[in-house]
Chemist: 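This structure is in structure tokens; I'll ask about it shortly.
Convention: sequence-line order gives letters A, B, ...; per-chain numbering from 1.
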There are 2 protein chains.
Amino acid sequence: MTEMQDVSETAAKERDVTDLVLEDILTGVLPAGTWLKQIDLEKRYDCTRPEVRRALDRLSQKRLVEHVPNRGYHVYLPDGRRAQEVSDIRVILETAVADLMVERATPESIAKLRQLARHFDQMTMVGTVLEHYEANLAFHRELLLLSGNHELVDLVSEIRQRTSSAPVSQWRTRARVERSAREHHMMVDALEARDVAGLKRLIEAHIRQTGDAAPAEGVARQA
Amino acid sequence: MTEMQDVSETAAKERDVTDLVLEDILTGVLPAGTWLKQIDLEKRYDCTRPEVRRALDRLSQKRLVEHVPNRGYHVYLPDGRRAQEVSDIRVILETAVADLMVERATPESIAKLRQLARHFDQMTMVGTVLEHYEANLAFHRELLLLSGNHELVDLVSEIRQRTSSAPVSQWRTRARVERSAREHHMMVDALEARDVAGLKRLIEAHIRQTGDAAPAEGVARQA
DNA sequence: GTTACCAAAATTGGCGCCAATTTAGGATAC
DNA sequence: GTATCCTAAATTGGCGCCAATTTTGGTAAC
């Protein structure tokens, strides 16, 4: 089992326990399969028993941890099929509104997206895993926000968390991260050029993390 | 405020409190805006205080009730824009996999869908609001299941609950319900005829509850 | 040496009490 | 007669204790 000493984060004292546990799962501090003992969490986050139980209940509702009656809670083991299905859903949702995003993009929103893409670049160099993760989240939130559908933004943020360890562990390789950073800028380019088809292709490749986003440049000249 | 007497449902005694409250919200027993006092719920469902609080916390995570600190929980007021956005999301998701559904449909699955559609018809005549609601849910679950994406099935079931009172209250009109029943059968027809475009059109009209199942070329049109 | 059983330690989870905050009603002052 | 303040009732919500179940370690029997 993983070490579970009290880390005494006085700065993070006031934040919600659920978020703290969530962060530690997403950043890989609590690896998949780990049994989350209530006493350990109580000490680790310096909180009370009911707070721990509320957090665990919420996370099990979000399907991030599994609850086994009279046995406890443990972090979900990576499920290849489920991860694939979540990716499929994200591709459907995020490409479906590509035309809306292009339609509603303004110079101001494009500038903001560029800034967020650059911020992600910076976090690649200096920044914790969590800051990096949140920078990525912020970029995609802002991009989706262009669709005008706030529920969609929240929903994607939600299901994105469902494949916890998989994407974060993939980020461990620097090559992968650097390509993600480049793809962010390419998406903003496609948006600026009002290239819907190219944007869709980029989004799909970005989510699937496959290499083939090749013919984006060629189509970009149209419109 | 609504009456909150103990209904003494001995049959439903063993079920989870969360589901019981959820049902009462979805069926309109607890109308939008109602303040859910913990003491009342305790008596109504014959359960303990912690159980009530867990249920309320879960429902507020699902965004079905709103939590106001030191004030309590109340059923979310209907939000037209949000309902519209959820509908848009459902249209995107359910039409996106129409081709997969046609591709994977077998004589057996079509027969099962027919049976579920007929079951919905029956519940139109004899059956409580809840049974009716669940019959509808069962049909759509089975239909979506054809896509092979289990996560998608769960996700749609989830977001379907986010517009609680709106769809159920619309069901109050008999004409609306009867058209829904007819549309179910038409969907199975389209599935059997392997008519992907027609199926998509039907699904969109069914979700949007608009009469025109004619020319819906785009996927996610927004007002 | 291995297996089965029993007991002790640990962990989960149900439940109720009490403090803190809010709300409503009444009394008093203007 | 009305507005304001103050008090009392009601409600929320934090917290800890204890019973029930599981796990683990040791011992004895085969």
Chemist: Salt bridge (Lys or Arg N to Asp or Glu O under 4.0 Å) with A:R114: which residues, sequence neighbours excluded?
Modeler: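 A:D189, A:E192.
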Chemist: Can you name the residues that form a side chain to side chain donor-acceptor pair (under 3.5 Å) with A:Q61, not counting sequence neighbours?
Modeler: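 Applying side chain to side chain donor-acceptor pair (under 3.5 Å) to A:Q61 gives none.
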Chemist: Check the distance between D:dT11's C1' and B:H74's NE2 and give it to me in whole angstrom.
Modeler: 16 Å
Chemist: Quick one: salt bridge (Lys or Arg N to Asp or Glu O under 4.0 Å) partners of A:E158, sequence neighbours excluded?
Modeler: B:R162
Chemist: Measure the distance from CH2 on A:W35 to C1' on C:dT11 and round it to the nearest whole Å.
Modeler: 11 Å
Chemist: Holding to side chain to side chain donor-acceptor pair (under 3.5 Å), I want the full list of residues that pass it with A:R63, two or more places apart in sequence or in another chain.
Modeler: B:E151, B:D154
Chemist: Listed by chain and number, what are the side chain to side chain donor-acceptor pair (under 3.5 Å) partners of B:E131, not counting sequence neighbours?
Modeler: none
Chemist: Using a 4.0 Å cut-off on protein heavy atoms (strictly under), produce a 5'-to-3' string for nucleotides 12-19 of chain C with B for base contact, S for backbone-only sugar-phosphate contact, and - for none.
Modeler: BBBB----
